[in-house]
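So the structure is just underneath, and the comments pick up after that.
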There are 2 protein chains.
Amino acid sequence: MKDTEQDIIDSAILIFNEDLSAPLEKVAEQAQTTRRTLHRYFKDRKELMDSCQKEVRKTCHAAMLKAYNSSDDPMEKLERMFYAGVDCGTKHSFLHKLHTMHDHSHQAGNEECSGYDNTFHVWKSHLQYLLETGKINPVLTLDWIHHLHHGIVAASIATQTARKMPDAELKKLAWVSFSRAISI
Amino acid sequence: MKDTEQDIIDSAILIFNEDLSAPLEKVAEQAQTTRRTLHRYFKDRKELMDSCQKEVRKTCHAAMLKAYNSSDDPMEKLERMFYAGVDCGTKHSFLHKLHTMHDHSHQAGNEECSGYDNTFHVWKSHLQYLLETGKINPVLTLDWIHHLHHGIVAASIATQTARKMPDAELKKLAWVSFSRAISI
DNA sequence: GGGCAATGTCTCAGATTTGTGACATTACCC
DNA sequence: GGGTAATGTCACAAATCTGAGACATTGCCC
């Protein structure tokens, strides 16, 4: 019981995250299928890329929202959202990468961009709240903490893929680091 | 007074860091020159890539060593090395990326890999020392802190390129975050 | 201005990547 | 077994990328 289309999308996210212009052969290989099959599901590179964008936005957005609503304690909300980021793994990184690329000019008018902004709106407004209520080091800016969040999530994923330790333990470690980094 | 060869290498590092398989046209464009000129300095893609690797290793290695020797205080050594990482910017990220890629099998036998290991050997052994002497949260592992270091440096660079604040101020902020993240 | 080195323009052949058609193979349901 | 949907194999043309030759242009030193 396997979903080829989903496998291809997941593989593409994995590959494109490391190498945006990688040949589609690599994606097919990662998905353990052939380029021919890939093209049966996606007309061309652009369509595949669009599906990837949609996928990462959908997944991350849902995970963020769920995490946000999973607790009443403000700091715990942040913790859950942090774990959500790690759980989304490569998708989380890819989404962020696409919108912080050197040539990418971020604009609210673009649908992709507003989707991205929307995904992290919950996180950002909550962080703004934590800053205002003095739960977080006021020296730090919202933008810095946002990048920091992504940086530490990326570090978690890198450590995971290197299989240095169990996922649950690592997540906890990463959260310890992040929470201390932004604490008063 | 400009050094075309160096411009091309720097541009290549910038481009390849984001898109490893980007066409050489993009690199030339970034260097404000043409593909033809690029090929006058570098026989082919491989040769350019090799030059990039050599460049990042050389630059980062020198910066790390200099930072390490610029202070006697153990914690200050770490701080200086952190700043060195931020100053090396994209080069630092690129070096790390090349050796933590999904397909890249890291092996000491390879010259590139031993060069990479060598570059961060100073940092790692110093961190080991800080861990053993109880200057750093003993819950954290060396490998985790290594990835964390790279993650926060990457976040700094991302924030820099977004021009959110002056470099010096940002570096300080980033260090505050990093030092707290690993503190007891 | 003459000479010279560096670079740009135009061109092109070869290599690689891409998208698709035709048909074989496999897996599974009835 | 027959039918069918999904996938694999092979083939191929179009598009793109790559590397290099031929020659024009630019900038600079004397």
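Within every chain, numbering begins at 1; the chains are lettered A, B, ... in the order of the sequence lines, protein sequences first and strands thereafter.
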For [X] and [N], is the shortest distance between a side-chain N/O and OP1 or OP2 below 4.0 Å?
X	N	answer
Thr37(B)	dG8(C)	yes
Tyr41(A)	dA6(D)	no
Thr33(A)	dT7(D)	no
Thr34(B)	dT7(C)	no

Estimated bend of the helix from dG1(C)-dC30(D) to dC30(C)-dG1(D) (axis per five terminal pairs, rounded to 10 degrees):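 Result, rounded to 10 degrees: 20°.
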
Test side-chain contact (heavy atoms from CB on, under 4.5 Å) applied to Glu112(A) - qualifying residues, sequence neighbours left out: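 Partners of Glu112(A) by the side-chain contact (heavy atoms from CB on, under 4.5 Å) criterion, ordered by chain and then number, come out as Gln53(A), Arg57(A), His99(A), Asn110(A).
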
In chain order, what residues pass the side-chain contact (heavy atoms from CB on, under 4.5 Å) check against Thr37(B), with sequence neighbours excluded?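 Thr37(B): side-chain contact (heavy atoms from CB on, under 4.5 Å) contacts with Thr4(B), Thr33(B), Thr34(B), Arg40(B), Tyr41(B).
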
Length of the [atom1]-[atom2] vector between [X] and [N], whole Å:
X	N	atom1	atom2	answer
Asp19(A)	dT17(C)	CG	P	11 Å
Gln32(B)	dA6(C)	CD	C1'	16 Å
Asp3(B)	dA5(C)	CG	P	18 Å
Met49(A)	dT17(C)	CE	C1'	15 Å

Summary of salt bridge (charged side-chain N to carboxylate O under 4.0 Å, His left out) pairs that have at least one residue in residues 115-139 of chain B, sequence neighbours excluded: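 Counting only pairs at least two positions apart or across chains, the salt bridge (charged side-chain N to carboxylate O under 4.0 Å, His left out) contacts touching residues 115-139 of chain B are Lys124(B)-Asp143(B).
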
Restricting to pairs with a member in residues 6-20 of chain B, which pass salt bridge (charged side-chain N to carboxylate O under 4.0 Å, His left out), not counting sequence neighbours?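 Every pair satisfying salt bridge (charged side-chain N to carboxylate O under 4.0 Å, His left out) with a residue in residues 6-20 of chain B: Asp10(B)-Lys91(B).
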
Under the ring-ring contact (aromatic ring centres under 6.0 Å, His included) rule, collect the residues that match up with [X], sequence neighbours excluded.
X	result
Phe82(B)	His149(B), Trp175(B), Phe178(B)
Phe94(A)	none
Phe120(A)	His92(A), Tyr116(A), His146(A), His150(A)
His147(A)	His96(A)

Among residues at least two apart in sequence or on other chains, which ones pass side-chain hydrogen bond (donor to acceptor under 3.5 Å, both in side chains) with Asp87(A)?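 Per chain and number, Asp87(A) pairs via side-chain hydrogen bond (donor to acceptor under 3.5 Å, both in side chains) with Lys171(A).
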
Can you check nucleotides 13-16 of chain D for protein contacts, nitrogen or oxygen pairs under 3.5 Å, and list what you find?
none

For every nucleotide of nucleotides 17-23 of chain D, 5' to 3': is a protein heavy atom under 4.0 Å from its base (B), only from its sugar-phosphate (S), or from neither (-)? SBBBBB-

Please answer: with hydrophobic residues joined when any side-chain heavy atoms are less than 4.5 Å apart, are Ile15(A) and Met49(A) in the same cluster?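 The answer is yes; both residues are in one hydrophobic cluster.
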
Is it true that Asp50(B) and Lys46(B) have a side-chain N and a carboxylate O under 4.0 angstrom from each other?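 The answer is yes: the pair qualifies as a salt bridge.
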
